[in-house]
Amino acid sequence: MSFSKARLFIAALLWPVMSVFAQNLLPDPGFEADVKSGPPTDGWWVYNKSGEGHAAVDKKIVHTGKQSVRLSGTADARFVFLSPKLEVASEDEIVFSGWLRCDHEQDTNRAGLVVMFRARDGRIVDRARISPLQFKADQWIFLKATAKAPPRSAVADFDVSCSNLVGCVWADDVSAVVTSPQSMFMDTEPKPWPGQHEITVRIINREKADFRGTLRVTTDERTSDLPVNIPRTSTKKLNVSVTLSTPGTHHYCITLLDAAGKQRRSIEGIFHTSQPLTVFPACPSYVNIAPGTSEIRVDARVIVNPSECAGLRLAARIVDSAGKEIAQSTVDASHGDFVGTKLRVPTATESAYTISVRLLARSGVEIANGETDVHVHAAADSIVTTQPNGFLRVAGQPEFPIGLYSCSHYDEMAGAGFSATHSYGVTVGDAADPINATDADVKRLLDKNAEYHMRMMVELPRHAIEKAQWAQIRRRIKTFRNHPGLLCWGSEERVARSEAPLANIAALYKLVHKLDPNHPLVLGDTRDIIQHLMVDRRNFFPDQAMDAGIWWWYPIPLDGADGEALEGQEKAAKMLQPPSWLTTTTSKKPLWIAIQSYQHPKKDARFPTPAEYRCMAYLSIINNVRGLWFYTGSGQKDFYGHGAGILNKPEEGHWDYVRKLVHELRELSPVIMSPAISGVTQSPANPAIQFSVHELDHKLYLFAANKSSQPQTTHFTSAAFAQKKVRVLYEEHAGNFDGSALTDNFGPFFVHVYVFE
């Protein structure tokens with residue numbers, strides 16, 4: 001996740017405070033609540049990024065009043081003491097302040113005050129921070145700053161931020177005040193169907209004088225003005241009529257003008273109106289060949305004005321590839337929302353069927369239509385299982401999956417040898433819906449994968465997992481479990497981010513295996529909240545809730561890693577040290593890895609070099625991963641707010657080289673999946689060089705990688721080398737081989753692949 005620098009003005013206000021009614025938005029700003037210990041009441045709480053931070057009421061050291069809050073933590077603790085959510089509007093000027101005190105003199109970046117701005121969906125869009133110029137022991141220091149809420153802001157957090165504290169920090173008399181003369185909120189939006197709608201706009205007037213002006217509402221279709229009269233220091237709600245005639249997106253701008261016509265506040269965005277009929281993928285979308293027929297569920301969502309629902313019907317018709325009708329059905333759709341029916345198709349032979357769906361008015365006139373399809377194919381085409389050695393068997397063939405997150409460029413990926421894809425776009429959706437709104441995207445992506453002979457890790461809906469709402473998860477699994485483009489099911493970071501208990505993941509695992517025993521669940525998650533696993537990562541994965549585990553490794557630049565586990569980092573080192581969750585694991589399940597193919601959101605961030613890409617890949621293989629992915633980000637931005645993934649910056653990210661590397665790994669996949677053998681020794685022992693040896697078709701393959709940023713020399717010896725010749729693959733290079741020992745040089749992060757034959 002990336003942050004732009006919030007506009008921050010120390011003790012500077014855009015509007016004179018005396019002319020504006022100023023109200024502290026923070027509950028219990030002096031931490032005077034009557035509690036015996038622990039964080040204060042009124043919604044204040046501690047969020048630990050790493051280590052263990054704590055908050056406790058202190059009655060002995062106070063700035064004013066009877067008590068303050070004392071913050072402390074372990075030496076590695078990075079945590080924030082957060083307020084409840086504060087409602088803000090885009091462009092609000094917020095003055096935030098507070099008193100801090102330390103019991104030890106320390107660096108000024110150890111503690112500070114922060115305002116974090118979030119969008120409606122909870123995503124952080126910006127932040128402003130202020131730290132003291134100097135921290136002296138046992139002295140209260142006052143901090144005060146002003147920040148402006150950026151566009152898309154809906155709420156803000158005020159927090160006291162602490163990082164690697166020396167001793168304790170006290171906070172008291174904190175404040176967050178919106179000083180803008182007016183704020184404007186849109187409390188209600190248009191309904192999802194086209195037509196005339198009423199929205200509610202709420203305006204707060206903080207001035208100590210009445211506000212008179214105009215509310216101007218502009219959409220794609222029209223502009224309307226509404227006179228506004230708001231008494232001093234009060235709030236008023238205005239109902240505004242807007243017309244959105246067609247389905248689709250409609251840009252809007254709501255502007256508050258004063259009596260002189262000067263713009264005071266503005267809200268811009270997009271209203272969405274839906275098509276009257278959305279047809280979901282048939283359930284199932286693929287059926288296995290078998291005697292007789294199979295039942296197909298056909299569902300659609302009907303979104304029309306409730307006043308027009310009377311008499312609506314949904315008609316579904318299935319035809320074969322020659323256009324012959326196989327079955328048809330008509331059902332009542334007058335209640336709107338989700339409507340469905342069941343039909344049967346023959347399944348004796350491989351075939352494809354088209355399903356046409358129409359929404360009909362009482363008169364029989366067609367209002368809207370859509371279609372989907374059903375395929376009958378051989379069951380073996382879609383089966384993916386885990387072999388005893390931990391590698392997959394896909395459609396009967398062993399496979400070492402090589403994948404790309406947030407993928408596109410299917411032709412280039414297929415040509416390079418990628419075998420797996422992933423999309424974050426299919427993870428969203430309202431948990432209460434019986435069918436996930438992104439299932440049509442899942443089908444489109446699975447079809448694309450099948451077309452290019454790749455397979456997709458389909459992540460299951462996140463909000464439904466968090467709330468243990470299993471209906472739409474059941475529907476997704478039943479719909480796509482026989483699809484030849486499906487590699488596995490996935491779930492990511494619900495426990496690690498404290499969004500769901502581990503019990504939900506265990507229930508998910510049982511559900512997947514009950515509904516689809518022919519595809520594994522690959523879990524990108526931990527057995528506990530990630531902050532509890534910062535030091536010892538041996539027991540990292542919940543084996544009981546996964547068929548394979550995947551986690552991240554994002555170490556570049558090497559001197560910038562701060563051990564942020566959710567970012568796939570461990571503590572900085574001048575080595576490409578494979579992650580400890582892999583090298584020290586106690587897990588008995590196969591482990592996959594996702595290596596960095598994007599920039600961190602720091603100013604000095606960069607992509608891995610070709611040598612680093614290759615080294616990360618081979619170090620992962622040497623340490624027994626059973627699947628390798630290139631992680632391009634989930635919409636991450638760089639320091640300047642631009643897309644940070646390798647496909648956003650293919651030249652800077654070395655996309656051409658990554659494709660070459662993938663082709664190399666795909667070619668070596670039979671070797672990677674072959675048994676590792678012992679009997680090769682390294683002399684003298686060199687911890688900078690890691691290696692593994694595999695045997696295939698009476699040939700020995702030696703993978704060796706230099707983890708270090710410094711050149712290395714090493715020697716490999718083995719009785720198995722006798723009577724063999726050695727070649728170095730994929731590079732113009734030759735080591736020094738005397739028939740029993742191999743001596744070679746490794747540049748920084750170099751990898752050599754040898755074959756003895």
Side-chain angles (χ1 to χ4, degrees), residues 22-88 94-116 118 127-132 134-145 147 155-178 498 528-529 531-532 534:
Q23 182 179 7
N24 192 350
L25 303 179
L26 299 177
D28 192 18
F31 309 114
E32 299 296 308
D34 184 17
V35 291
K36 294 181 179 179
S37 62
T41 56
D42 296 323
W44 289 89
W45 62 292
V46 172
Y47 172 70
N48 287 296
K49 296 180 180 178
S50 63
E52 287 287 343
H54 306 280
V57 167
D58 193 314
K59 297 180 179 295
K60 295 181 179 179
I61 298 178
V62 299
H63 178 253
T64 65
K66 297 180 180 179
Q67 55 195 35
S68 66
V69 65
R70 182 178 69 252
L71 307 173
S72 60
T74 56
D76 63 340
R78 297 171 61 219
F79 66 99
V80 291
F81 182 57
L82 279 161
S83 74
K85 295 289 186 291
L86 312 175
E87 184 186 47
V88 297
I94 299 180
V95 176
F96 61 104
S97 63
W99 291 84
L100 297 183
R101 172 176 172 153
C102 293
D103 58 358
H104 290 77
E105 187 170 335
Q106 56 190 301
D107 296 339
T108 60
N109 62 353
R110 300 298 187 193
L113 303 180
V114 178
V115 170
M116 194 88 72
R118 299 179 183 269
R127 64 180 174 183
R129 176 187 174 96
I130 182 172
S131 297
Q134 186 178 14
F135 254 136
K136 292 185 177 181
D138 301 326
Q139 291 185 10
W140 286 101
I141 184 169
F142 181 62
L143 303 177
K144 183 177 181 180
V155 294
D157 307 321
F158 174 94
D159 66 72
V160 183
S161 176
C162 301
S163 178
N164 309 105
L165 289 176
V166 179
C168 298
V169 166
W170 286 261
D172 204 356
D173 297 329
V174 293
S175 175
V177 174
V178 176
S498 192
D528 199 353
I529 299 170
Q531 284 80 19
H532 298 164
M534 296 300 296

### Task
Using the side chain to side chain donor-acceptor pair (under 3.5 Å) rule, take D58 and W170 through it: C-alpha gap first, then chi angles, then the decisive distance, then the call.
CA-CA 8 Å; D58 193 314; W170 286 261; 2.9 Å; yes
Could you pull out the closest heavy-atom pair between [X] and [Y], with the gap in Å?
X	Y	result
A55	L71	CB-CD2, 3.6 Å
L26	A176	CD1-N, 3.7 Å
G53	A77	N-CB, 4.3 Å
I141	P132	CD1-CB, 3.4 Å
L25	E87	CD1-O, 4.4 Å
S68	V62	N-CG1, 3.7 Å

Would you check if [X] and [Y] make a side-chain contact, meaning some heavy-atom pair closer than 4.5 Å?
X	Y	answer
W44	V160	no
V178	L86	no
F96	S175	no
D157	K85	yes
F158	V115	yes
V69	V57	no
V80	V114	no
H54	V46	no

* **With H63 via ring-ring contact (aromatic ring centres under 6.0 Å, His included) - residues at least two apart** =>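 H63 satisfies ring-ring contact (aromatic ring centres under 6.0 Å, His included) with W99, W140 only.
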**Asked** Who are the side-chain hydrogen bond (donor to acceptor under 3.5 Å, both in side chains) partners of N24, not counting sequence neighbours?
**Response**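 Residues passing side-chain hydrogen bond (donor to acceptor under 3.5 Å, both in side chains) with N24: none at all.
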Counterpart residues, side-chain hydrogen bond (donor to acceptor under 3.5 Å, both in side chains), relative to N48 (two or more places apart) =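 Partners of N48 by the side-chain hydrogen bond (donor to acceptor under 3.5 Å, both in side chains) criterion come out as none, since no residue qualifies.
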Let me confirm one number: the [atom1]-[atom2] distance from [X] to [Y], rounded to the nearest 0.5 Å.
X	Y	atom1	atom2	result
R78	N164	CZ	CG	7.0 Å
H104	C168	NE2	SG	8.5 Å
I130	L143	CD1	CG	5.0 Å
L165	T74	CG	OG1	9.5 Å
C102	Q139	SG	CD	10.5 Å
S83	D159	OG	CG	7.5 Å

Take E32 and Q67 through the test side-chain contact (heavy atoms from CB on, under 4.5 Å) and record every step on the way to the result.
CA-CA 6 Å; E32 299 296 308; Q67 55 195 35; 4.0 Å; yes
Test log, rule side-chain contact (heavy atoms from CB on, under 4.5 Å), inputs I61 and D172: CA-CA 10 Å; I61 298 178; D172 204 356; over 6 Å; no
Side chains of S72 and R70: any donor to acceptor distance under 3.5 Å?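 Their side chains do not contain a donor-acceptor pair, so the 3.5 Å distance test is not met.
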*Does Q134 offer a backbone N or O that forms a donor-acceptor pair with the side chain of E105 under 3.5 Å?*
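No.
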